Trainee: 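Before I ask anything, let me first share the structure, which is written out below as structure tokens.
Note that the structure is a prediction, hence the values are computed from the model and not measured. Each residue takes its place number in the sequence, starting with 1.
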Amino acid sequence: LAFRLCNRIVGNAEGTAGIEMTATGLALAFNAPARIALGGARMEGTLDGEPVSWWTPLTVRAGSRLRLGAISSPGQRSYLAIAGGLDVPEYLGSRATFTLGRFGGHGGRALRAGDVLRPGEPSGPTGFALPPGLQPLLTNRWTVGVIDGPHGAPDFFTAEDIEAFYNADWEVHYNSSRTG
């Protein structure tokens, strides 16, 4: 949701390639003017030494430097959208990077110092600030949906086991991964 909203803020179509940052940010030097938006979990950040705003379009001059540090709020991922997106090849209907499979995105790997990313051509409106009421609320407590699978059968768990599972508070381990 946060990534899709960032794309909307800069006038991109849904699915336009951008940058996802997990836990810690990055440093970018812009060789050309750009319009960007930041969203998701907040990171301390500066654009040419000035604090950056989240959920609003930011105008970047050629030669500008964006620096984003560690996440300073609830959440694990932050997003950077650039008007026109990033010019990366489509693979299996997506421009996302799958690092474990080593395909997609920018060379099938995480970004490294010295990488050059090329923006696409902006085609949408100039963008808009996302009103506070529409910004996703990130907290340290989430409710997730669970669908019973075959292991929920009485052969594996009693009704009491299933009830205890659904009523328990769970903590995501720092080694957890979205890939399962």
Side-chain angles (χ1 to χ4, degrees), residues 1-130 134-138 174 176-179:
L1 175 62
F3 179 61
R4 289 187 356 237
L5 290 170
C6 285
N7 264 331
R8 278 192 180 173
I9 290 168
V10 295
N12 289 341
E14 188 171 317
T16 301
I19 298 175
E20 177 183 77
M21 297 161 283
T22 303
T24 155
L26 47 65
L28 290 177
F30 289 81
N31 295 325
R35 190 174 64 251
I36 66 171
L38 296 162
R42 289 188 187 264
M43 297 176 158
E44 296 299 322
T46 61
L47 180 62
D48 294 330
E50 297 295 322
V52 291
S53 299
W54 288 70
W55 304 113
T56 188
L58 302 170
T59 301
V60 179
R61 297 182 323 269
S64 287
R65 296 189 178 274
L66 175 68
R67 296 185 188 283
L68 298 171
I71 288 177
S72 60
S73 72
Q76 186 66 16
R77 291 181 175 78
S78 303
Y79 301 93
L80 168 65
I82 302 168
L86 296 175
D87 185 15
V88 293
E90 187 173 316
Y91 185 80
L92 298 176
S94 173
R95 297 185 190 283
T97 304
F98 179 52
T99 55
L100 292 176
R102 297 186 188 146
F103 58 80
H106 183 75
R109 61 173 171 74
L111 296 177
R112 296 191 286 236
D115 281 349
V116 175
L117 303 172
R118 303 203 186 290
E121 285 296 320
S123 60
T126 59
F128 62 92
L130 192 65
L134 297 179
Q135 296 172 13
L137 177 63
L138 299 177
Y174 64 87
S176 295
S177 169
R178 305 188 278 204
T179 60

Trainee: Could you tell me which non-hydrogen atom of Ala129 sits nearest to which non-hydrogen atom of Pro57, and how far apart they are?
Mentor: N-CD, 3.6 Å
Trainee: So, using salt bridge (charged side-chain N to carboxylate O under 4.0 Å, His left out) as the criterion, who are the partners of Glu44 when residues are at least two apart?
Mentor: none
Trainee: Nearest 0.5 Å please: distance from the CE atom of Met21 over to the OG atom of Ser78.
Mentor: 5.0 Å
Trainee: Tell me whether Asp87 contacts the main-chain N or O of Pro119 through its side chain, where contact means a donor paired with an acceptor under 3.5 Å.
Mentor: no
Trainee: So, do Leu80 and Leu28 sit near enough that their side-chain heavy atoms are less than 4.5 Å apart?
Mentor: yes
Trainee: Does a sphere of radius 6.0 Å around CZ in Arg8 hold more than 12 heavy atoms from other residues, nucleotides or ligands, not counting ones at 6.0 Å or beyond?
Mentor: no
Trainee: Taking the side chain as C-beta and beyond, is there a heavy-atom pair between Trp55 and Pro136 under 4.5 Å?
Mentor: yes
Trainee: For Ala2 and Gly39, work out which heavy atoms get closest and say how close.
Mentor: CB-C, 4.5 Å
Trainee: Taking only residues two or more places apart in sequence or in another chain, which ones pass salt bridge (charged side-chain N to carboxylate O under 4.0 Å, His left out) with Glu121?
Mentor: none
Trainee: CZ of Arg67: more than 12 outside heavy atoms within 6.0 angstrom?
Mentor: no
Trainee: Taking all heavy atoms of Pro122 and all of Ala83, pick out the closest pair and write down the distance.
Mentor: CG-O, 3.7 Å
Trainee: Measure the CG-CG distance between Leu1 and Leu138 for me, rounded to the nearest 0.5 Å.
Mentor: 9.0 Å
Trainee: Compare all side-chain heavy atoms of Thr97 with those of Val88 and state whether any distance is below 4.5 angstrom.
Mentor: no
Trainee: Quick one: closest heavy-atom pair of Ser53 and Leu38, and the distance?
Mentor: O-CD1, 4.2 Å
Trainee: How long is the span from the CG atom in Leu117 to the CZ atom in Phe30, to the nearest 0.5 Å?
Mentor: 9.5 Å
Trainee: Taking atom OG1 of Thr16 and atom CZ of Arg95, what is their separation to the nearest 0.5 Å?
Mentor: 8.0 Å
Trainee: With salt bridge (Lys or Arg N to Asp or Glu O under 4.0 Å) as the rule and sequence neighbours excluded, what pairs involving residues 98-113 come up?
Mentor: Arg109-Asp115
Trainee: Can you tell me how far CE of Met43 sits from CG of Leu26, rounded to the nearest 0.5 angstrom?
Mentor: 7.0 Å
Trainee: Does some side-chain heavy atom of Val52 sit less than 4.5 Å from a side-chain heavy atom of Leu66?
Mentor: yes
Trainee: Do the side chains of Arg4 and Tyr79 get nearer than 4.5 Å, heavy atoms only?
Mentor: no
Trainee: For the residue pair Ala37 and Cys6, what are the closest heavy atoms and their distance?
Mentor: CB-O, 3.8 Å
Trainee: I need the Arg118 CZ to Ile82 CD1 distance, nearest 0.5 Å.
Mentor: 13.0 Å
Trainee: Is any side-chain heavy atom of Arg65 closer than 4.5 Å to a side-chain heavy atom of Asp48?
Mentor: yes
Trainee: Which heavy atom in Val10 sits nearest to a heavy atom in Arg35, and how many Å separate them?
Mentor: O-NH2, 2.6 Å
